[in-house]
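Right, one structure below, let's go through it.
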2 protein chains.
Amino acid sequence: MPHSTETPISEAAIVEAAHALRGRAVRMLEELVAHPSLLGHEQGAQAFMAETFASLGLRVHQFEIDEQKIRQHPGYSPSIVPYQGRTNVVGIHQPDGPQKGRSLIFNGHIDVVPTGAEVLWKHPPFQPTIEGDRLYGRGSADMKAGIAAYTMAYAALQSLGQAPASPVYFQSVVEEECTGNGALACLVEGYRADAAIIPEPLGGVMTCQMGVLWFALEVLGKPVHASVAQTGVGAIDFSLYLFSELKKLEQHWNEPANRYRSYAHHAHPVNFNLGKIQGGEWASSVPSACRSDIRIGFYPDMNVARAKAEVEAALASAYAAHPARESLSYRLIYEGFQADGFDLDLDSPIVTELSKCYQDIVGEPLEPRAFTGTTDAKFFNIYGQTPAVCYGPTGSSIHGIDEWVSIDSLMQVTAVLAVFMARWCGVNRITPPAGI
Amino acid sequence: MPHSTETPISEAAIVEAAHALRGRAVRMLEELVAHPSLLGHEQGAQAFMAETFASLGLRVHQFEIDEQKIRQHPGYSPSIVPYQGRTNVVGIHQPDGPQKGRSLIFNGHIDVVPTGAEVLWKHPPFQPTIEGDRLYGRGSADMKAGIAAYTMAYAALQSLGQAPASPVYFQSVVEEECTGNGALACLVEGYRADAAIIPEPLGGVMTCQMGVLWFALEVLGKPVHASVAQTGVGAIDFSLYLFSELKKLEQHWNEPANRYRSYAHHAHPVNFNLGKIQGGEWASSVPSACRSDIRIGFYPDMNVARAKAEVEAALASAYAAHPARESLSYRLIYEGFQADGFDLDLDSPIVTELSKCYQDIVGEPLEPRAFTGTTDAKFFNIYGQTPAVCYGPTGSSIHGIDEWVSIDSLMQVTAVLAVFMARWCGVNRITPPAGI
């Protein structure tokens with residue numbers, strides 16, 4: 001790819017080139033969705049990403065997460081499954097010609113959450129299916145379309161004989177959905193840039209997100225024969241009691257006076273979710289043990305340590321108030337997210353320039369959003385000196401049934417990212433690699 | 001074992017002979033408890049029972065449950081695990097000499113319920129441990145001590161050169177704890193007698209028991225991302241809502257006006273137990289599916305069909321009243337107990353004569369009991385023309401933690417059963433088999 005003298009290209013041409021890749025973008029997304037890249041099963045999709053990056057002429061850096069390296073990092077979350085054989089993939093663009101612009105990271109996560117009851121899906125969740133503008137499938141919106149968008153944005157420039165005039169890192173990471181350790185490992189490997197964009201399907205430009213804490217609540221009860229059930233204290237009942245007491249904290253944090261400013265007008269910013277439960281042993285025995293997997297959100301001006309302390313205090317009070325506490329016990333196990341939130345300055349160039357780019361191309365303002373969940377953007381913002389936002393293709397039912405992404409939205413984001421990349425990084429003229 | 005002319009033996013001698021077997025009874029019980037005869041894993045214990053019966057000179061009939069044979073029986077309950085390799089064992093005593101008395105069945109179940117959280121046990125649940133009068137272990141009271149008691153009662157007579165003068169059937173059956181199909185299969189094989197005693201650890205003489213119905217409640221919810229949890233309807237929440245609505249039926253049935261007479265003074269006869277729950281997929285997703293395993297009790301004057309109808313109606317009403325019902329669904333799966341209750345006439349000879357025998361030996365009345373659970377006695381009483389009661393060694397924490405049985409109680413029951421057998425069946429003089 002020898003560079004030649006830069007010749008100006010019009011942004012209209014970039015937009016057009018992006019939309020010309022619609023078929024290729026959809027095929028890439030279909031292939032990605034067809035890989036059931038659930039936690040621990042990301043490697044098929046990651047191998048495809050490595051091939052895809054290589055085919056675009058990017059240098060491919062593929063590496064396993066080394067838990068030794070990240071464990072002491074303040075952004076580390078206790079992992080759930082081992083990292084052997086599960087790699088991050090980074091496609092690295094280094095300008096051949098003069099470096100003129102600013103560097104950029106595109107980051108996307110390859111992992112998807114469980115499908116839930118497959119019987120509820122109208123199409124098999126890992127069989128991508130198009131209906132009109134919608135591409136259905138688990139992970140279609142969250143966030144394989146985002147990965148397709150940033151990849152196709154690069155391909156669009158390439159199709160015009162252009163390449164960014166500064167380093168651009170295309171990261172496809174594992175484990176965003178439970179720890180973020182994939183993105184953290186990229187940070188620890190040394191990846192930094194002047195900004196990062198994560199094409200998550202959140203609508204607008206996401207500049208603020210909440211902290212998220214996961215924990216398991218394991219309780220032991222006082223089992224008895226079901227024929228005298230009222231004389232025992234079931235572990236399931238006790239778990240639900242503890243969770244209902246904990247929910248008072250959710251309610252408290254949601255009260256207008258207690259809200260962080262970015263969530264002042266949100267319907268219900270703080271959500272405590274009992275996502276999973278397994279308890280009891282036998283229909284005719286009062287349950288002896290129960291485990292609940294819980295996710296809580298907390299505001300960006302709180303941190304993990306304080307969230308833990310408040311949870312622990314709430315549970316301790318609930319326990320102390322239980323009349324049968326002497327027959328009961330519980331313990332908290334911290335597994336998964338221990339993620340602080342952040343609130344990026346809206347004057348940050350990544351926000352203002354991306355918003356302007358969007359306005360210029362789409363003709364509408366790009367609204368800043370405060371997200372009630374967590375994304376990998378936290379690592380860049382909190383620990384990476386790399387201002388990061390989320391802006392990506394939108395759809396519906398992420399973490400739900402019949403998840404879909406809008407193909408029009410995918411192509412619009414592709415166009416915006418291509419133009420933004422050209423603006424942010426500058427471009428050099430290249431000879432496109434053969435076959436592109 | 002040629003018989004000789006009967007010579008009268010004193011009942012005091014039988015009692016003494018029974019107590020002389022204390023060491024042997026405890027060893028037998030220890031061996032039984034050491035077999036973890038959980039559902040589907042009964043065969044080690046059953047092999048031991050077959051050997052034990054054979055060593056006493058009983059003819060051993062060992063047979064698998066043939067589901068084809070029992071499926072159409074009104075006492076059948078839908079099974080949970082296949083029956084291959086899981087046998088009932090019957091030790092058959094046929095008098096060599098003249099048949100003078102009435103025939104008798106002793107029945108006990110070899111299966112035990114799950115231990116619950118083993119960490120709660122002070123001794124490993126399948127490592128029988130004696131502390132003073134207590135023998136600890138899962139199944140010690142429920143009801144391996146009962147099996148040891150009826151076996152040792154026979155051995156006690158034998159040690160005196162006596163044997164029952166009528167047929168006695170010693171049944172060790174599987175699956176009392178979830179279907180009763182083991183005892184039902186004995187019935188279908190043709191076993192009948194003038195009475196049956198099941199040495200269950202229920203205290204007094206149990207002459208009345210409730211019906212029990214098991215079912216699984218499978219629900220599907222409307223999963224969403226935990227960050228917007230309040231916009232979905234979680235399957236766990238929906239399950240708990242349905243169960244809480246169902247509990248109103250429990251409350252209704254427990255009201256004094258609605259009670260069956262035998263439970264008029266009981267603290268809480270009707271118990272609906274959510275014994276097991278498994279729901280949700282991911283801490284950060286609102287749960288899509290949940291399964292609850294539920295056990296309900298109902299009075300002997302109700303039957304399974306009516307209990308089902310009331311449960312189904314209660315769930316249908318609850319569903320109809322749920323504001324988000326259009327996003328929700330549920331189904332009932334009937335697995336395990338579909339057991340009617342019974343109430344045996346207190347004038348039945350098995351009740352009056354066993355009670356008198358107990359009074360004569362122990363010097364206290366044997367109180368009739370109405371049990372709030374189910375036992376295999378139902379099959380004998382309802383379908384077998386064989387009046388049946390429960391009377392057995394007592395202990396504590398059946399289906400709970402640190403289950404134990406009183407060894408003194410075991411020996412007292414052994415003595416009472418030995419004397420009762422002699423009275424009910426009459427005795428013939430025998431030459432004890434070698435080694436006894």
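Below, read A as the first sequence line, B as the second, and so on, with proteins coming before strands; counting in each chain starts at 1.
Residues A:W282 and B:E177 meet the side-chain proximity criterion, which asks for heavy atoms closer than 4.5 Å. Residues A:N271 and B:Q230 are in side-chain contact: their nearest non-hydrogen atoms beyond the backbone lie under 4.5 Å apart. The shortest distance between side-chain heavy atoms of B:V224 and A:S397 does not fall below 4.5 Å.
Of the two parts of B:W214, only the side chain, counted from C-beta on, holds a non-hydrogen atom closer than 4.5 Å to a non-hydrogen atom of chain A. With a 4.5 angstrom heavy-atom cutoff, A:I296 does not touch chain B via any of its atoms. For A:I398, the parts lying near chain B are the backbone and the side chain together; criterion is any non-hydrogen pair under 4.5 Å. When heavy atoms are compared at a cutoff of 4.5 Å, B:V119 approaches chain A solely by way of its side chain, counted from C-beta outward. Only the side chain of B:F371 comes within contact range of chain A, with heavy atoms under 4.5 Å apart. Only the side chain of B:I236 comes within less than 4.5 Å of a heavy atom of chain A; its backbone N, CA, C and O stay farther away.
For chain B, the option among A:V113, A:I277, A:T372, A:D293 with the highest count of heavy-atom pairs below 4.5 Å is A:I277. For chain B, the option among A:P269, A:A226, A:A117 with the highest count of heavy-atom pairs below 4.5 Å is A:A226. Note on A:G400, A:G275, A:A216: by heavy-atom pairs under 4.5 Å with chain B, the leading option is A:G275. The candidate from A:A267, A:C290, A:C178 with the greatest count of non-hydrogen atom pairs under 4.5 Å with chain B is A:C178. Here A:A229 is the residue among A:A229, A:A289, A:G373, A:S292 with the most heavy-atom pairs under 4.5 Å with chain B. Looking only at heavy-atom pairs under 4.5 Å with chain A, the residue among B:V228, B:I294, B:V270, B:L220 that has the most is B:L220. Contact count against chain B (heavy-atom pairs under 4.5 Å) is highest for A:A283 among A:G280, A:G221, A:A283, A:P223.
Residue B:R325 places its CZ atom among more than 12 non-hydrogen atoms of other residues, nucleotides or ligands, all under 6.0 Å distant. Taking a 6.0 Å sphere around CD of A:E255, one finds it holds more than 12 heavy atoms contributed by other residues, nucleotides or ligands. Heavy-atom neighbours of A:H266 NE2 from other residues, nucleotides or ligands within 6.0 Å: above the threshold of 12.
Taking both residues in full, the closest heavy atoms of A:S284 and B:H399 are given as O-ND1, 3.0 Å, listed atom of the first, atom of the second, then distance. The heavy-atom pair separating A:S288 from B:G116 by the smallest distance is OG-CA, 3.1 Å. Nearest heavy atoms, B:N273 versus A:P287: OD1-CD, 4.2 Å.
Screening residues 232-246 of chain A for side chain to side chain donor-acceptor pair (under 3.5 Å), with sequence neighbours left out, gives A:E245-A:K248.
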Set out, in order, the CA-CA distance, both residues' side-chain angles and the distance that settles side-chain contact (heavy atoms from CB on, under 4.5 Å) for B:S285 and A:K276, then state yes or no. CA-CA 9 Å; B:S285 300; A:K276 210 167 150 186; over 6 Å; no
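Put simply, OG1 on A:T231 and NE2 on B:H268 are 10.5 Å apart, with the number rounded to the nearest 0.5 Å.
Partners of B:E200 under the side chain to side chain donor-acceptor pair (under 3.5 Å) rule, at least two apart in sequence or in another chain, are B:H109.
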